[in-house]
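Step one of this worksheet: look at the structure below.
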Amino acid sequence: MSAETRPETTQEELPPQVHMPLLDYVIANSLDGDYAQAAERAEAADGGEAPKIKPGIAALVVMGLFGVLVTTAAIQTARNAGDESAGKESLVNQIQARSAQVEARRERAANLREENESLQSLFLETTSQGRALSARLDRLGAVTGALPVTGPGVKVVVDDAPDGTSEKQRVFDKDLQKLVNALWASGAEAISINEQRLSNLSAIRLAGSAITVNYVSLSGPYTVLAVGDPDTMPARFVETKHGRDWLDLQAFYGLQFEMTAEDSMTLPAAPSRRLNLIHATQGDTQ
Amino acid sequence: MIAGLGLLVGIIVGLMLQPEVPLWLEPYLPIAVVAALDAVFGALRAFLDGIFDDKVFVVSFISNVLIAALIVYLGDKLGVGGQLSTGVIVVLGIRIFSNVAAIRRHIFHA
């Protein structure tokens, strides 16, 4: 054999799918080769007679199967298409409903934001008013004795003469009144006597043999605390008439009198029953 | 004649029963139908060629359907289900076309 012919023989021996293009092969073998082979076998077996080509029961059954398959696929596809379009429609409805909802929410958010802003400004206004009001209340409370106060001042301790025999050597209500008046006059801003804070309704008077302040009986020694300037108050005290009276009382009758400056002292609030106004109401402030 | 009768009976049965296809089988149904269609047209051409055989038809029908479904199943598992389906449909479609062309030649002698 020559070298030129050898490849040809090899090509002929190869199966067709090796040297044929795929699409050509598919087209050329579109009919299953089995039919031809079965026909050849049948021909060989029957000894040259024509093969039986009548379709039998098996073909009937398979064709029925094919019919069921096609019908089922068609029904299924139609059903799915129905589902799909229904799903699409419900999705569209949902989208519309949700977007309407979103729109409503957005509007509500805008309204709320507006409301928030107005409330905030109102709140600011109210708090600034409230702060001013509470500052004013604090001031008034300190002035009227409704609130405890703290600050520097002087502490005055007075008592009867230690070995007093006559009535004049005792501390009377009017002595304490003089003392308090002298302290007010020398610049006191808040005064308490034995922890009884003086309010503008407090009275110092004698009840029986005891001095009462805010209707509470006191006994000596009487500690009078006065918040004010501790540097100037003692000097101003002795300049007042009542202050001088007290120095006389100390000198002539031996009453105990001791004034000391304090850096810090705390005066309690007056009892609340001493702060209630029953008849007085606020008048016009011009 | 008997094949047409079978087809008619099958369609009627399918319409009457309207079987519910299980969900896992649903993706393989269309490709199985195309494969079955190929087997049926091949059988029709063989019949017209005079070489039809019951056994070959049954075997080719069932194996076509099963293999087509299997290929798509395998493709689904590998993540190329769509592409494999396309390939199977192209090949089966070419076969169907050339078989139908042969059938047409038989019927119209053209």
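It should be emphasised that the depicted structure is a prediction, and the values quoted were computed from it without experimental measurement. Residue numbers begin at 1 in each chain, while the letters A, B, ... track the order of the sequences. Quick note: numbers below take in every heavy atom, side chains included, and nothing from hydrogens, waters or symmetry partners.
Side-chain contact check for Leu17(B) versus Thr71(A): every heavy-atom pair is 4.5 Å or farther apart. Put simply, the side chain of Phe61(B) does not reach to within 4.5 Å of the side chain of Met63(A), judged on heavy atoms. With a 4.5 Å cut-off on side-chain heavy atoms, Thr72(A) and Val21(B) count as touching. A 4.5 Å side-chain heavy-atom check between Val62(A) and Ile62(B) finds every atom pair outside the cut-off.
Listed here is the closest heavy atom pair of Val68(A) and Gly14(B): CG2-N, 4.3 Å. Residues Val58(B) and Ala58(A) come closest through the heavy atom pair CG2-CB, 3.6 Å. Closest heavy-atom contact between Val56(B) and Ala38(A): CG2-CB, 3.6 Å. Residues Leu69(A) and Ala36(B) share a closest heavy-atom pair of CD2-CB, 4.0 Å. Heavy-atom minimum distance, Gly42(B) versus Tyr35(A): O-CE1, 4.1 Å.
With a 4.5 Å cut-off on non-hydrogen atoms, Ala102(B) does not touch chain A at all. For Val9(B), no part sits under 4.5 Å from any heavy atom of chain A, backbone or side chain. Proximity to chain A (any heavy atom under 4.5 Å) is shown, for Leu37(B), by both the backbone and the side chain. Using a 4.5 Å cut-off between heavy atoms, Pro30(B) makes no contact with chain A at all.
For chain A, the option among Asn99(B), Val13(B), Ile94(B) with the highest count of heavy-atom pairs below 4.5 Å is Asn99(B). Most heavy-atom pairs under 4.5 Å with chain A: of the set Ala39(B), Ser98(B), Ser60(B), this distinction falls to Ser98(B).
More than 12 heavy atoms of other residues, nucleotides or ligands sit less than 6.0 Å from atom CG of Leu78(B). Atom CG of Asp263(A) is surrounded by 12 or fewer heavy atoms from other residues, nucleotides or ligands within 6.0 Å. Remark: Gln94(A) CD is packed, more than 12 non-hydrogen atoms of other residues, nucleotides or ligands lying under 6.0 Å away. Dense packing is recorded around CD of Gln101(A), with more than 12 heavy atoms of other residues, nucleotides or ligands lying under 6.0 Å away.
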Review point. Can you list the steps and then say if Leu7(B) with Val70(A) is a side-chain contact (heavy atoms from CB on, under 4.5 Å)?
Key: CA-CA 10 Å; Leu7(B) 180 63; Val70(A) 169; over 6 Å; no

Practice item. Could you walk me through whether Glu26(B) and Asn80(A) pass the side-chain contact (heavy atoms from CB on, under 4.5 Å) test, one step at a time? Key: CA-CA 10 Å; Glu26(B) 218 171 275; Asn80(A) 284 358; 3.0 Å; yes

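Salt bridge Glu20(B)/Arg79(A): present, at least one basic N to carboxylate O contact under 4.0 Å.
With rounding to the nearest 0.5 angstrom, the CG atom of Asp53(B) is 8.0 Å from the CZ atom of Arg41(A).
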